[in-house]
2 protein chains.
Amino acid sequence: MLVADRSEDDPLLLDRQVCFPLYAATNLLTRLYGPILSGLGLTYPQYLVMLVLWEEDLQTVGALGARLYLDSGTLTPLLKRMEKAGLVRRERDQNDERRVLVSLTPAGRNLRARALQVPEVLANGYPAGELENLRLTVSEMVTELARHRVGKLSDQALPADKAGKA
Amino acid sequence: MLVADRSEDDPLLLDRQVCFPLYAATNLLTRLYGPILSGLGLTYPQYLVMLVLWEEDLQTVGALGARLYLDSGTLTPLLKRMEKAGLVRRERDQNDERRVLVSLTPAGRNLRARALQVPEVLANGYPAGELENLRLTVSEMVTELARHRVGKLSDQALPADKAGKA
DNA sequence: CGCATATAAATTGCGTACAATATCATTGCA
DNA sequence: TGCAATGATATTGTACGCAATTTATATGCG
């Protein structure tokens with residue numbers, strides 16, 4: 001019996017993975033948001049950046065990344081495209097030239113009114129309680145996953161530390 | 001009062017969105033899988049393809065896409081990389097030259113034994129019941145989302161149909 | 001002050017994702 | 001048979017997403 005079993009307790013069955021439905025749901029949701037957001041001139045990650053800025057204008061790239069769990073390698077080009085589209089401004093912090101401050105332009109602020117219909121259209125027909133339940137469950141997982149990678153990652157399964165850090 | 005309120009019933013608050021935790025969880029999970037899968041020479045989507053092929057070898061590109069909710073624009077280059085890595089074979093179906101059949105090479109089949117430890121390492125410390133609960137909830141949403149786009153999408157919020165389909 | 005260290009973004013290289021289009025094979029039907 | 005319509009992949013172009021590296025600034029410490 002060298003070949004592993006394909007029975008229902010096989011840990012490699014696609015339908016047993018938690019990661020897969022999350023992955024599929026994210027892809028399907030992105031496709032669902034796509035046509036609606038394109039009417040606002042936004043992509044899905046750009047929409048998330050706008051949500052953060054509409055809550056609190058004038059943030060550093062790092063702060064945006066901390067909120068959205070994205071790093072500068074993703075955010076820098078994305079923000080440049082949003083700047084080119086006239087939605088945000090990017091300028092070096094005068095008090096700390098390492099930082100870049102991102103803020104809304106008037107056009108970016110005004111876009112908010114049109115964006116108000118987005119959640120409305122998307123929720124369309126879904127029972128609110130079920131969505132709220134899903135949101136809470138997945139949010140807890142996000143908190144857990146974010147805690148799991150303190151420094152970077154690569155320490156989620158290492159048995160012994162190599163260099164003394166005590 | 002032209003400016004919309006930012007109170008807790010503001011529908012645009014990031015923490016009220018269902019889409020965001022799904023997005024964040026997927027990104028964090030991909031980062032978590034990354035280092036583990038790279039030991040197997042796989043990326044995360046490639047791992048998913050392998051899961052499908054380990055369950056059922058010899059599938060068309062379309063069948064893989066239907067299972068993973070991905071289209072040929074994503075799968076074709078991905079499968080070519082996996083072919084170059086020696087994990088799968090791609091060959092035209094002799095009975096229907098439009099189709100491309102994807103099958104495992106011996107190396108691809110053998111990789112399964114090493115992959116068995118992946119779910120083990122990842123689940124590490126998580127209560128199984130909680131994961132199972134999350135999996136079921138998100139899976140239901142995937143089913144819903146997949147149903148919502150029958151032909152393509154673009155019909156999830158149209159108020160009146162233009163051409164009679166009755 | 002002078003320099004090692006740390007921090008914040010930007011850059012590079014690679015691998016997805018997806019819409020739109022193109023290519024080629026198959027099928028249906030006059 | 002011939003050809004229009006359909007179907008299955010492939011290609012193109014744009015936009016992420018991330019690891020690793022680089023650049024520039026700030027800070028700490030002798």
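The sequence lines fix the lettering, A, B, ..., with proteins before strands; numbering per chain opens at 1.
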Among [options], the nucleotide that comes nearest once only the side chain of [X] is considered:
X: B/Y23; options: C/dA19, D/dG17, C/dA17; answer: D/dG17
X: A/D71; options: D/dT11, C/dA9, D/dA19; answer: D/dA19
X: B/T74; options: C/dT11, D/dA10, C/dA17; answer: C/dA17
X: A/T43; options: C/dT16, D/dA15, D/dG17; answer: D/dA15
X: B/D96; options: C/dA10, D/dT9, C/dT26; answer: C/dT26
X: B/L70; options: C/dC18, D/dT9, D/dA19; answer: C/dC18
X: B/Q46; options: C/dT16, D/dT25, C/dA10; answer: C/dT16

Inset, instruction - Round to a whole Å and report the spacing from CZ of A/R81 to P of D/dT14. - result: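 For the pair A/R81 CZ and D/dT14 P, the rounded distance is 11 Å.
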Inset, instruction - Nearest whole angstrom, please: distance from the P of C/dA25 to the CD of B/Q94. - result: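 So the CD-P distance, B/Q94 to C/dA25, works out to 12 Å.
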Inset, instruction - Please figure out whether A/L79 or B/P77 has its closest DNA chain C nucleotide nearer the 5' end. - result: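 Checking each residue's closest nucleotide, the 5'-ward one belongs to A/L79.
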Inset, instruction - Kindly say if A/R90 contacts the phosphate of C/dA10, meaning a side-chain N or O under 4.0 Å from OP1 or OP2. - result: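 A/R90 to C/dA10 OP1/OP2: side-chain N or O found under 4.0 Å.
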Legend entry - Phosphate contact (D/dT9 OP1 or OP2) by B/K80 side-chain N/O below 4.0 Å: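 False: B/K80 side-chain N/O out of range (4.0 Å or more) of D/dT9 OP1/OP2.
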Legend entry - Parallel, tilted or perpendicular: rings of A/Y47 and A/W54 (30°, 60°):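 The arrangement is perpendicular - the two ring planes meet at more than 60°.
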Inset, instruction - Side-chain contact test, heavy atoms from C-beta onward, threshold under 4.5 Å: evaluate it for A/R89 versus A/L101 and give yes or no. - result: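 With C-beta onward as the side chain, the pair stays apart.
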Legend entry - A/V142 vs A/Y69 side-chain heavy atoms within contact, under 4.5 Å: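 They are in contact (side-chain heavy atoms under 4.5 Å apart), so the answer is yes.
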Legend entry - Base C/dT7 paired with A/R98 side chain (donor-acceptor, <3.5 Å):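 Under the 3.5 Å cut-off, the side chain and the base do form a donor-acceptor pair.
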Inset, instruction - Give a yes or no on whether a donor-acceptor pair under 3.5 Å exists between the nucleobase atoms of D/dA10, that is its base, and the side chain of B/S72. - result: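 Yes, a donor-acceptor pair under 3.5 Å.
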Inset, instruction - Have a look at B/T60 and say if it touches a base, only the backbone sugar-phosphate, or nothing, with a 4.0 Å heavy-atom cut-off. - result: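 Since only primed, P, OP1 and OP2 atoms lie under 4.0 Å of B/T60, the category is sugar-phosphate.
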Legend entry - Listed partners of A/R67 passing salt bridge (Lys or Arg N to Asp or Glu O under 4.0 Å), at least two apart: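 Partners of A/R67 by the salt bridge (Lys or Arg N to Asp or Glu O under 4.0 Å) criterion, ordered by chain and then number, come out as A/E55, B/D15.
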